Amino acid sequence: MKKQIYIFSFIFIIASVVMQAQQVLPITKAEVLTKVSEENRSIKISEQEYLEAKADFRQTNGVFLPNITASHTGMATTNPLMAFGSKLNQEILTASDFNPNLLNNPGQVENFATRIEIQQPLINMDGLYQRKAAKSKMEAHALKIERTSDYYAFEVEKAYMQLQLAYKGVDVLEKALVTAIESKKITENRFKQGYLQRADVLSIDVRVSEVKNQLQTAKSNVENASNYLSFLMNETSDVIYKPSDSLQIGHFNIINSETISENRSDIKAMKLASNAYETMSKADNMAFLPRLNAFGSYELYDNQIFQGDASGYIFGAQLSWTILEGTKRFGKAQKSKAEFEKSKLKYEQYVSQNQLELNKAKRMLTDAENRLNLTKLALEQSEESFRIRTNRYEEGLEKTTDLLLAETQYSQKQLEYYQTIFEYNYAQSYLYFLTKN
């Protein structure tokens, strides 16, 4: 038994040295919130997704804006038709060029053409609906950023409370260890005096080892909570954070609502996404309609590179109608309609799930509030019981097992009380997150 106690003591000392070697950094919840809002990877990812959607929307400007291209082409040919046409474009034809021998067997002709071409969409109904869908998608991603920020604010609240709870656990168990060691001294003295048996001393030794083990676990919980905060803030994980304030009963401004608000940013985003699918379905149906586009070009010709002694232009409008493209467009329209119907079902399911979570969170808050009152009363009773039994034990009127039971119960009730405070605060925070618009 003594060997086990020495091993536990050695492990405890090593763990304490390691923890002290790590940097302990005090931090406030406001500082965590600021760093998370600026550095959190998930928030940055949602911002990049918004920029992607914004870029997709900008691409749809092509529905209104023209396409302008410029090119310069050089060629040499002995093809009769190409040679005659090149001279005609260059405006250098002479009467001798109509000689049948020259027409049929021309010499090599060089032609350089500079061309500026404009294509202007006029009526493209499918493009208009695609632009509308892209805008809805962009707005949905903007709302997603807002909800992602709300979620990580909630995560910060939870993680910071976990850190506070971990330090409370360390504090309770450190005091319990001091108490257990003091009880051990008293027990050993009474054993030497012949008032107690060896079994009483061994029971106290076991209790000391047990508290040391629990204390080590509590310190590991501090490190785990610190590492999670580091992850949220995108910081290095070799820092032990210490909260600037201790765990206390919190109060949140919770909106008393029986149903999930449709104005909540994530629900609005889901609705916009469903609208985008609906609009894309309409766009695919509009692809069956004809398109009207204007076009024009200005051309410069010469037999020398980058010259343009001859010029000409062309402009016009084209009404095009793809009457049948196999069954490709029919299949695409059917797919987009199915995607729209699926998005409606996902929206309804999401709202229903969140309504379920809201009802569950309300019950969780009520249960936590009831437990908080009960555990507070139990803590006060166990504290008084431990005080009475300690005094009686020092006077030799109490058994060692009864003292250990009272001390263990008092430590457990303290830990349970702080755990209940955490659960109560968490329930409030979660309910606030669910009802926040």
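This one's a predicted model, so the numbers in the text were calculated from it and none came from an experiment.
The shortest heavy-atom contact between Ile145 and Ser46 is CG1-O, 3.6 Å. Smallest separation of non-hydrogen atoms from Leu173 and Ala218: CD1-CB, 3.8 Å. The two atoms that bring Gln164 and Ser246 nearest to each other are NE2-O, 3.4 Å, heavy atoms only. Minimum interatomic distance between Thr60 and Ala134 (heavy atoms only, all atoms of both residues): CG2-CB, 4.1 Å. Across all non-hydrogen atoms, the minimal contact from Ala406 to Arg389 is CB-CD, 3.4 Å. For the pair Leu358 and Ser257, the tightest heavy-atom approach, listed with the atom from each and the gap, is CD2-O, 3.8 Å.
The shortest side-chain heavy-atom distance between Glu174 and Leu215 falls under the 4.5 Å cut-off. Tyr167 is listed as a side-chain neighbour of Lys242, based on a closest heavy-atom distance under 4.5 Å. Proximity of Glu383 to Arg387: side-chain heavy atoms (C-beta onward) are nowhere separated by under 4.5 Å. Using a 4.5 Å cut-off on side-chain heavy atoms (C-beta onward), Arg131 and Phe57 make contact. Considering only heavy atoms from C-beta on, Val222 comes within 4.5 Å of Val170 through its side chain. The shortest distance between side-chain heavy atoms of Met161 and Leu165 does not fall below 4.5 Å. Inter-residue side-chain proximity for Glu235 and Lys35 is flagged as met; some heavy-atom pair is nearer than 4.5 Å. Within the 4.5 Å cutoff, the side chain of Ser203 has no heavy atoms near those of the Val206 side chain.
Relative orientation of the Phe154 and Tyr430 rings is tilted, given thresholds of 30° and 60° on the angle between their planes.
Using a 4.0 Å cut-off between a side-chain N of Lys or Arg and a carboxylate O of Asp or Glu, Lys268 and Glu139 do not qualify as a salt bridge. Salt bridge annotation for Lys185-Glu188: absent, with no cationic side-chain nitrogen under 4.0 angstrom from a carboxylate oxygen. A salt bridge links Glu155 to Lys158: at least one charged side-chain nitrogen sits closer than 4.0 Å to a carboxylate oxygen.
Judged by the 6.0 Å and 45° rule, Lys271 forms a cation-pi pair with Tyr347. A cation-pi geometry, defined here as NZ or CZ lying under 6.0 Å from the six-membered ring centre and within 45° of its normal, does not hold between Arg371 and Tyr424.
Between the side chains of Asp309 and Tyr301, no donor-acceptor pair is found at a separation under 3.5 Å. Looking at Asn373 and Glu369, their side chains never bring a donor and an acceptor atom within 3.5 Å of each other. Side-chain atoms of Asn359 and Glu258 include no donor-acceptor pair closer than 3.5 Å. Remark: the Asn275 side chain and the Ser136 side chain contain no N/O donor-acceptor pair separated by less than 3.5 Å.
Residue Tyr432 places its OH atom among 12 or fewer non-hydrogen atoms of other residues, nucleotides or ligands, all under 6.0 Å distant. Atom CG of Asn253 is surrounded by 12 or fewer heavy atoms from other residues, nucleotides or ligands within 6.0 Å. A 6.0 Å sphere centred on NZ of Lys168 holds more than 12 heavy atoms belonging to other residues, nucleotides or ligands. Counting non-hydrogen atoms of neighbouring residues, nucleotides and ligands closer than 6.0 angstrom, the CD atom of Glu262 reaches no more than 12 such neighbours. Applying the 6.0 Å contact sphere to CD of Gln355 captures more than 12 heavy atoms from other residues, nucleotides or ligands.
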For this session: Using the side-chain contact (heavy atoms from CB on, under 4.5 Å) rule, take Gln349 and Gln353 through it: C-alpha gap first, then chi angles, then the decisive distance, then the call.
Result: CA-CA 6 Å; Gln349 182 186 47; Gln353 285 177 340; 4.0 Å; yes

Problem set entry | Worked check of side-chain hydrogen bond (donor to acceptor under 3.5 Å, both in side chains) between Tyr129 and Asn285 | CA-CA 10 Å; Tyr129 277 94; Asn285 289 327; over 6 Å; no

Problem set entry | Steps toward side-chain hydrogen bond (donor to acceptor under 3.5 Å, both in side chains) verdict (Arg264, Asn437) | CA-CA 4 Å; Arg264 211 175 72 183; Asn437 291 335; over 6 Å; no

Exercise. Going through the checks in order, is the ring-ring contact (aromatic ring centres under 6.0 Å, His included) test met by Phe295 and Phe315?
Worked result: CA-CA 6 Å; Phe295 62 89; Phe315 66 88; 8.6 Å; no

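Here the side chain of Ser37 pairs a donor or acceptor atom with the backbone of Leu33 at under 3.5 angstrom. Using a distance-only test at 3.5 Å, with no hydrogens or angles considered, no donor-acceptor pair links the side chain of Glu117 to the main chain of Ala70. Remark: the backbone N or O of Met270 is not paired with any side-chain donor or acceptor of Ser274 at under 3.5 angstrom.
One finds the CG atom of Leu319 at 6.0 Å from the CG atom of Leu292 (value rounded to the nearest 0.5 Å). Expressed to the nearest 0.5 Å, how far CD of Glu31 lies from OG of Ser244 amounts to 7.5 Å. The structure places CG of Asn354 at 11.5 Å from OG of Ser261, a figure rounded to the nearest 0.5 Å. Rounding to the nearest 0.5 Å gives a distance of 12.0 Å between CG of Leu128 and OG1 of Thr279. Taken from CD in Gln409 to NZ in Lys413, the straight-line distance is 6.0 Å, to the nearest 0.5 Å. Here the CD atom belonging to Glu223 is positioned 11.5 Å from the CG atom belonging to Leu163, to the nearest 0.5 angstrom.
Judged as a side-chain contact (heavy atoms from CB on, under 4.5 Å), and not counting sequence neighbours, the contacts of Asn124 are Pro121, Asp126, Arg291, Asn293. In terms of the side-chain contact (heavy atoms from CB on, under 4.5 Å) criterion, residue partners of Gln59 (sequence neighbours excluded) are, by chain and number, Asp56. Residues meeting the side-chain contact (heavy atoms from CB on, under 4.5 Å) test with Lys376, sequence neighbours left out: Glu380, Tyr417. The salt bridge (Lys or Arg N to Asp or Glu O under 4.0 Å) check on Lys44 picks up Glu39, with sequence neighbours excluded. With sequence neighbours excluded, the residues that form a side chain to side chain donor-acceptor pair (under 3.5 Å) with Arg115 are Glu299. Annotation: side chain to side chain donor-acceptor pair (under 3.5 Å) contacts of Glu407 (sequence neighbours excluded): Arg207, Ser411. Take Ser265 and apply the side-chain contact (heavy atoms from CB on, under 4.5 Å) test, not counting sequence neighbours, and it matches Leu143, Glu146, Arg147, Asp150. With sequence neighbours excluded, the residues that form a ring-ring contact (aromatic ring centres under 6.0 Å, His included) with Phe306 are His72. Qualifying ring-ring contact (aromatic ring centres under 6.0 Å, His included) partners for Tyr160, counting only residues two or more places apart in sequence or in other chains: none. Applying the salt bridge (Lys or Arg N to Asp or Glu O under 4.0 Å) rule to Lys344 yields the partners Glu341; only residues at least two apart in sequence or on another chain are considered.
Screening residues 61-70 for salt bridge (Lys or Arg N to Asp or Glu O under 4.0 Å), with sequence neighbours left out, gives no hits. Applying the ring pair (Phe, Tyr, Trp, His ring centres under 6.0 Å) test to every pair with at least one member in residues 235-289, sequence neighbours left out, gives these pairs: Phe288-Phe330.
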